[in-house]
Amino acid sequence: MDLALLWTIQLSGLAAFLLIQLLPRSAKKIAPAIGIALSFLAAAASAKLLLDHANGFGLPVQFSHPWLAVSDRAVWPNIPVERYALFVGFLLDPLNLTMITLVTSISFFVQLFSFYYMNEDRSRARYFGFLSFFSFSMTGLVLSNNLLQTFLFWELVGLTSYLLIGFWYEKESAATAARKAFVVNRLADLGFYLGIILVLILFGSLNFTDLKSQALAQVLPPATLTLVGVLVFLGVMGKSAQFPFHVWLPDAMEGPTPVSALIHSATMVAAGVFLLHRAFDLFSASATTLLVILSVGCLTALTGAALATIQRDMKRILAYSTVSQLGLMTMAVGAGSSTAGFFHLSTHAYFKSLLFLTSGVFIHRFHTNDIWEIGQKGGKNDRLAIGFLAFGLLSLSGLPPLAGFFSKDLILEAIKEKNLFFYSGALFVSFLTAYYSFRMFLVIARGRIRREERPHAESRALKISRNVPLLCLATLSLVAAFLGMPSFHFNFEMLLTTAAILVSGGGLAILRFRDPEAAEQKLLAGKTFMQKILERKFFIDDAYEFLVKKVGLAIAHALNRFDRTVINGLMVNETSFSVMRLGRLAALLQNGALQDYLAWAMTGGVLILFAFLHFYRGTP
């Protein structure tokens, strides 16, 4: 039964994608129904698995099949590996049982919401096809039982992300954002790929059940463990938008808003953090690797939180917030607490996807992403949306007893036990989170309405597809917090710390943005030095542009000139031209004239006779 359910989860998205592609043009209008129905089937199968193994009974279970025998002897000197083989299969344990439930449930609600959001788009069939293919890729990644199979689906997820970010490819900004995401992730994935090769050659197995800290330490020296861990972590840095590879995620907001909810807040970017937990023994085998992970996570969390404080675009605020929260999850893993990081991943996925879908409601109604414009067009009058926005932002800020409070406090406790310096960084991130969350809500909810836009008349089906996902995601956020509470240990000191952060961050936002129009005028009147730095995104994008356009293109031009003048010019073309000239010269000997042949023969004979006489005279 488990295997049948796993195949149902895995193939539902692929089946939806293929069916939508095979539909004749006249029947493309039923594409949303196919995508929604099969995503519901996958979510139902995941729920059945979760209920069957609610107490961990019968887990872990693995379905593995030999794929390829690579070698029956060591391929590297002094490595005690006698047989190399690759396997494919499913692994089911509490970790990916939770993750697959999260992925399929959010996928279903996003597909359902997309029926409302993409109702008037002419390319709906293409959209739902890509969305379904993403679900297939993501479920394959989560259910894989080894690193190589994970990597294959990892790349499919990247491909689908590229297609969905650039869905409106006629917009130059969307096409550019898609290319940027694709290139940045490919650079990071190179490290992941090299890490997989090293693990296979040096350890002999890529199966997650074999990658245990003690087993790795017995075979590999500490320096090699660090190298392998850092290389695999590079892939995580790209997929989960860790510093300095975080630059692609805010630009990815050019895609449709439901795509942002599914891929760029809840599932795709969480894939990197999921891998940190899935292969935690590989990373924890080296203390240096954990320190690198902790440091990168801290930089990411601080960068994302700081940049979120000055954004006007609603989706970009949430995007930088996602970067920051992913950094906190990564910090938890670096601090040695895989449980805290994964708990925050689970709660964050639900309330952040809720926030993105809620922003989709505002954007769909008011036709703008600017939070000041939304407030001036009557954003606060959409009571349902403003209520879900408040719920999601309070969860993000860590207000007890909402989901974000429990999971974030677990992370803070884990980091505090590890290192006080990084703990202070995490506290500052939490302060900034409360600040930009309250700022966003106040600008929308307290904006002075100038020209209110009334909502368009919508059918009952559209209203259901809009409201049901929001209500369900809010509920699931609370359920996730409730299920994770057994791992939460009440700490009165931490509760006071969290309350102080929330009050100070929220209070500062209230002080500055209780009158959004006055705050906007003040911001436009003059910008501080720090605001200018934040608007330039700490010059990280500028650095990339300099490296690519100035350094990279200069090197490319130099190599191109070397290739044309030396490789093609001197080595290839000049060699062929010399052969051709020699051929033309030799052709003179084959002109068919007998008198020329006799002349050449006589000349040759005279030269041979002259050489012979010269040699004979010189011989004693």
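We use all heavy atoms of the structure for the numbers below, so side chains are in, but hydrogens, waters and symmetry mates are not. What you see is a predicted model, and the numbers here were worked out from it, not measured in a lab.
More than 12 heavy atoms of other residues, nucleotides or ligands lie within 6.0 Å of CZ in F539, so this atom counts as buried by the packing criterion. The environment of Y162 atom OH is sparse: at most 12 non-hydrogen atoms of other residues, nucleotides or ligands sit within 6.0 angstrom. Crowding of Q214 atom CD: a count of heavy atoms from other residues, nucleotides or ligands under 6.0 Å not exceeding 12. More than 12 heavy atoms of other residues, nucleotides or ligands lie within 6.0 Å of CZ in R564, so this atom counts as buried by the packing criterion.
Between atom CG of residue L198 and atom OH of residue Y193 there is a gap of 11.5 Å, rounded to the nearest 0.5 Å. Atom NZ in K408 sits 10.0 Å away from atom CE in M329 (nearest 0.5 Å). Between M138 atom CE and Q10 atom CD the span is 11.5 Å, to the nearest 0.5 Å. Going from atom CZ of F130 over to atom CD1 of I263 covers 11.0 Å, rounded to the nearest 0.5 Å. If you take OG1 on T309 and CG on L307, they are separated by 7.0 Å, rounding to the nearest 0.5 Å. Between the CD1 atom of I9 and the CG atom of L41 there is a distance of 9.0 Å, given to the nearest 0.5 Å.
Remark: K180 does not engage E545 in a salt bridge, criterion side-chain N to carboxylate O under 4.0 Å. Ion pairing between R186 and E155 holds under the 4.0 Å rule for side-chain N and carboxylate O. At a threshold of 4.0 Å, the pair R278-D93 counts as salt-bridged, since one of the basic side-chain nitrogens sits closer than that to a carboxylate oxygen.
Relative orientation of the F274 and F342 rings is tilted, given thresholds of 30° and 60° on the angle between their planes. Using cut-offs of 30° and 60° on the angle between ring planes, the pair F133 and F17 is tilted.
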message = Evaluate F63 against H65 for side chain to side chain contact (heavy atoms under 4.5 Å, CB included), listing each step before the verdict.
response = CA-CA 7 Å; F63 304 94; H65 183 75; over 6 Å; no
request  = Could you walk me through whether Y350 and S105 pass side chain to side chain contact (heavy atoms under 4.5 Å, CB included), step by step?
outcome  = CA-CA 10 Å; Y350 287 117; S105 60; 3.4 Å; yes
request  = Begin from the C-alpha positions of L345 and M99 and carry the test side chain to side chain contact (heavy atoms under 4.5 Å, CB included) through to its verdict.
outcome  = CA-CA 9 Å; L345 183 155; M99 188 69 179; 3.7 Å; yes
ask   = So S346 and L102, side chain to side chain contact (heavy atoms under 4.5 Å, CB included) or not? Walk me through it.
value = CA-CA 7 Å; S346 303; L102 182 151; 4.2 Å; yes
key: Derivation and outcome, ring pair (Phe, Tyr, Trp, His ring centres under 6.0 Å), residues W7 and F90   = CA-CA 9 Å; W7 277 116; F90 295 131; 5.0 Å; yes
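In this structure, the side chain of R179 does not engage the main chain of G166 through any donor-acceptor pair within 3.5 Å. When atom types are taken as modelled, the side chain of S324 and the backbone of A301 share a donor-acceptor pair closer than 3.5 angstrom. Judged purely by atom type and a 3.5 angstrom limit, T300 uses its side chain to pair as donor or acceptor with the backbone of F243. With Q149 contributing its side chain and L141 its backbone, the two residues share no donor-acceptor pair below 3.5 Å. A donor-acceptor pair is defined here as one N or O able to donate and one able to accept, closer than 3.5 Å; such a pair exists between the side chain of Y84 and the backbone of I201. Remark: the backbone N or O of G238 is paired with a side-chain donor or acceptor of W248 at under 3.5 angstrom. With hydrogens and angles disregarded, no donor-acceptor distance shorter than 3.5 Å links the side chain of S161 to the backbone of V157. For Y544 (side chain) and P244 (main-chain N/O), a donor-acceptor pair under 3.5 Å exists by modelled atom type. No donor-acceptor pair under 3.5 Å is formed between the side chain of S477 and the backbone N or O of L473. At distances below 3.5 Å, not a single donor-acceptor pair connects side-chain atoms of S321 with backbone N or O atoms of I317.
Within the 4.5 Å cutoff, side-chain heavy atoms of T139 are placed close to those of T104. Residues M268 and F134 have side chains in contact (heavy-atom distance under 4.5 Å, counting atoms from C-beta outward). Taking 4.5 Å as the limit, some side-chain heavy atom of L92 sits within range of a side-chain heavy atom of H53. With contacts defined as side-chain heavy-atom distances shorter than 4.5 Å, the pair F167/V259 does not qualify. The closest side-chain heavy-atom distance from T303 to V323 is not below 4.5 Å. Using a 4.5 Å cut-off on side-chain heavy atoms (C-beta onward), F203 and L211 make contact. Proximity of M237 to V296: side-chain heavy atoms (C-beta onward) are separated by under 4.5 Å at one or more points. L396 has its side chain within reach of Y436: a pair of non-hydrogen atoms, C-beta onward, lies under 4.5 Å apart.
Residue S240 comes nearest to L326 through the heavy atom pair O-CD1, 3.3 Å, listed as atom of the first residue, atom of the second, then distance. Closest approach of A403 and F351 over heavy atoms only: CB-CD2, 4.3 Å. The shortest heavy-atom contact between G272 and K239 is N-CG, 4.2 Å. Listed here is the closest heavy atom pair of F108 and A43: CB-CB, 4.3 Å. Nearest heavy atom pair, residue S205 against residue V199, reads O-CG1, 3.5 Å. Shown here for E254 and A177, the closest heavy-atom pair between the two residues is CG-CB, 4.0 Å.
When only modelled atom types and interatomic distance are considered, S213 and S284 share a side-chain donor-acceptor pair under 3.5 Å. With 3.5 Å as the limit, one finds a donor-acceptor pair spanning the side chains of N207 and T209. When only modelled atom types and interatomic distance are considered, K352 and T322 share a side-chain donor-acceptor pair under 3.5 Å.
Each of L147, N146, L86, L148 was checked for a side-chain contact (heavy atoms from CB on, under 4.5 Å) with L200, and the lone residue meeting it is L86. Each of F151, F245, F233 was scored for a ring-ring contact (aromatic ring centres under 6.0 Å, His included) with F192, with one residue passing: F151.
With ring centers used as reference points, F343 lies 6.0 Å or more from F406.
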